[in-house]
Amino acid sequence: MEPINELIAVRKEKEKALKELGIETYPQDRGPYITTEEISLRFGTLSHEELEKTDERVSAAGRIMSFRDFGKSTFVHIQDRKGRIQVYVRKDVLKNPEYSIFKRFDIGDIIGVLGRVFKTKTGELTVLAEEIKLLTKSLRPLPEKWHGLKDIEERYRKRYLDLIVNPGVKEIFIKRAKIVEYIRRYFNERSFIEVETPMMQVIPGGAVAKPFITHHNALGIDLYLRIAPELYLKRLIVGGFERVFEINRNFRNEGISVRHNPEFTMLEFYQAYSTYEDLMDMTEDMVSSLVYELYKTYKITYNGQEIDFSRPWKRITMEDALKEFGGLDISEFIDTNRLTSYARELGIESPEKDKRGKLITKVFEELCEKHLVQPTFITDYPVEVSPLAKRSKDRPEITERFELYIAGMEVANGFNELNDPEDQKDRFLQQIQEKEEGATMDEDYITALEYGLPPTAGEGIGIDRLTMLLTDSPSIREVILFPLLKP
RNA sequence: GGGCCGUUAGCUCAGUCCGGUAGAGCAGUUGACUCUUAAUCAAUUGGCCCCAGGUUCGAAUCCUGGACGGCCCA
């Protein structure tokens, strides 16, 4: 604990003094209080005269955010979950407590106010306080009223302060909640069932990523925090649910950046008897209608560029994207050695270690990603980078898979699920042979496939990244309440 | 992992190039003020200048190492 500074000492003294005057500093209190928003809605449209005539009292509660003292009267603003309202406290109107006691309150204290609503001569809706109750004494000074809390590190470490003094921050998380709520409703309406699958897995599968390791003492075994729920969700399709979705955390023990947090939220959904084309349609429909629901338009701004979500979205194969955005005709690179040297020129590290399909994908990412600003589905991913996706009927080296890019960011990934147990086993073995990160043979998953996974398409959508886009946030940390920081 | 930048009062920031008593605004404290809203006016308190070394008569400032954070790259 840091040393107690003077400002805190002064407040503790005040708290003591209030207690000695018989004022409870941490009472339990249930109001009832109405919100500042409700007050605005009910009284905001009334004129001075109409307000004069109403005899009604309102009772609101909130944190004191400003304190303008005029001697025998004081203006304060209180802030609740919905906003702020001004409170006018006059020595000759305030009945309880005595005005002199109210004057001992501080910015940051949480109070309840009872009084009539009126409009000041500047027209601001204001509660004229007759009674004020201290609900919680605040012992620490808030950040400055005008500049707020700017220090990014401090904003994340003390998110509660960020939320109190930077109003836009709360809006982001309200929007995030709306996004998740909308998605949940979207799937529920289409008879998907929401499920929860293990966070702690014996075999971490469903993606290529380094897992976090934990330990179960009683069983004496290591467990892995999941990197993806995929293999469990598909077991449920085998089990006959046919339509499932899960919105939950994944954990990947990798770098931290503006787009990566070690724990992040993923939507995954699987639908039997459908194709990845169906999922592209569904994604377009869901995301564009979500954007419309939030903004009543399909066009939003992200990072200074306009993004248009109106349908249809561009669909283009990886090969064609390479041609269109990178000026690269992959048919001229049948010779993989040529591709390898090209990749090296692009700055891709040790390209000779990568198989052809992986290399093509890396070149694609290098050349094309940044150009994919408008919502774009890239299709036909190489089989080497798609170990759980079904091969294309005509071209076994590519899969029936897409990724969705928006603002140069990978937002979604979906494909026809590989349901041939032989092929799946081979792909797992291939990964293990190539010593890919976290590659393990999940025998039980193969067994499940042997019982029969119906033709299914599945998809994952990164909720954090989607929220970044829809709140114009430059960093994933702006959309995660408590992003990971070194202690 | 590499490069660049940042860390000074509770908060927002000057001061660092070019070493010489640590500053401002807000917040706090005291006083004045019964329609203000970044209220105003007067006075005033408050510092581990991120940490540890080094250079120097003297270091917030220069040098070395480290911590934490930001951006970019991998």
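Worth knowing before you read on, the calculation uses all heavy atoms, side chains too, and leaves out hydrogens, waters and symmetry mates. All chains are named by letter (A, B, ...) in the order of the sequence lines, taking the proteins before the strands, and each is independently numbered beginning at 1.
Spacing between B/rC4 and B/rA43 at atom C1', rounded to whole Å, works out to 46 Å.
Distances shown here put every side-chain N or O of A/Lys145 at or beyond 4.0 Å from the OP1 or OP2 atom of B/rU12. Remark: A/Arg140 is not in phosphate contact with B/rC11, judged by side-chain N or O atoms under 4.0 Å from OP1 or OP2. Using a 4.0 Å cut-off, some side-chain N or O of A/Arg68 falls inside it from OP1 or OP2 of B/rA39. The phosphate of B/rU12 (OP1 or OP2) has no side-chain N or O of A/Lys150 nearer than 4.0 angstrom.
Heavy atoms of A/Asp92 sit under 4.0 angstrom from at least one base atom. Residue-level contact check: A/Thr120 touches the bases, meaning some heavy atom is under 4.0 Å from a base atom. Using a 4.0 Å heavy-atom cutoff across all strands shown, A/Phe118 reaches at least one base atom of the nucleic acid. Nucleic acid contact class of A/Arg84 (heavy atoms, under 4.0 Å, all strands): none. Among the atoms of the strands shown, base atoms are found under 4.0 Å from some heavy atom of A/Leu7. Counting any heavy atom pair closer than 4.0 Å across all strands shown, A/Lys121 reaches a base atom. Among the atoms of the strands shown, none is found under 4.0 Å from any heavy atom of A/Arg155.
Between the CD atom of A/Glu366 and the C1' atom of B/rA74 there is a distance of 11 Å, rounded to whole Å. Rounding to whole angstrom units, CD1 of residue A/Ile107 and C1' of B/rA38 are separated by 11 Å. Between the OH atom of A/Tyr156 and the C1' atom of B/rG69 there is a distance of 11 Å, given to the nearest Å. Atom-to-atom, CZ of A/Arg157 to P of B/rU7 comes out at 17 Å; the value is rounded to the nearest Å. The separation between A/Glu154 atom CD and B/rC50 atom P is 15 Å, rounded to whole Å. Rounding to whole angstrom units, CD of residue A/Glu254 and P of B/rA74 are separated by 16 Å. Between the CG atom of A/Asp162 and the P atom of B/rC11 there is a distance of 14 Å, given to the nearest Å. Protein atom CZ of A/Phe67 is 17 Å distant from nucleotide atom P of B/rA38, rounded to whole Å.
With a cut-off of 3.5 Å on both pairing distances, B/rC35 has no Watson-Crick or G-U wobble partner at all. Base pairing of B/rA42 is made with B/rU30, judged by Watson-Crick or G-U wobble geometry with both donor-acceptor distances under 3.5 Å. With a cut-off of 3.5 Å on both pairing distances, the Watson-Crick or G-U wobble partner of B/rA67 is B/rU7. With a cut-off of 3.5 Å on both Watson-Crick or G-U wobble distances, the partner of B/rG1 is given as B/rC73.
Residues A/Lys103 and A/Gly148 each lie close to RNA chain B; by heavy-atom proximity, the contact nearer the 5' end of the strand is made by A/Gly148. Of the two residues contacting RNA chain B, namely A/Val258 and A/Gly123, the nearest-nucleotide position lying further toward the 5' end is that of A/Gly123.
The side chain of A/Lys14 approaches B/rG28 more closely than any other nucleotide in the set B/rC11, B/rA39, B/rG28. Comparing B/rG70, B/rC11, B/rG10 by their nearest atom to the side chain of A/Leu149 picks out B/rC11. The nucleotide whose nearest atom lies closest to any side-chain atom of A/Phe70 is, among B/rU45, B/rC33, B/rU29, B/rC33. Taking every side-chain heavy atom of A/Glu144 into account, B/rG10 is the closest of B/rG10, B/rU34, B/rG46. When each of B/rG10, B/rC35, B/rG28 is scored by its nearest atom to the side-chain atoms of A/Asn5, the top-ranked nucleotide is B/rG10.
A distance cut-off of 5.5 Å between ring centres, combined with a plane angle under 30°, places A/Phe75 in a stacking arrangement with the base of B/rU36.
Among A/Asp162, A/Ile164, A/Leu161, A/Leu481, the single residue meeting the side chain to side chain contact (heavy atoms under 4.5 Å, CB included) criterion with A/Val169 is A/Asp162.
Between A/Tyr99 and A/Phe102, the angle of the ring planes lies from 30° to 60°, which puts this pair in the tilted group. Ring geometry for A/Phe75 against A/Phe70 counts as perpendicular: the plane angle is over 60°, on a 0 to 90° scale with 30° as the lower cut.
Taking 3.5 Å as the limit, the base of B/rU36 and the side chain of A/Gln86 contain a donor-acceptor pair of atoms between them.
Closest approach of A/Ile107 to A/Met65, counting heavy atoms only: CG2-O, 3.9 Å.
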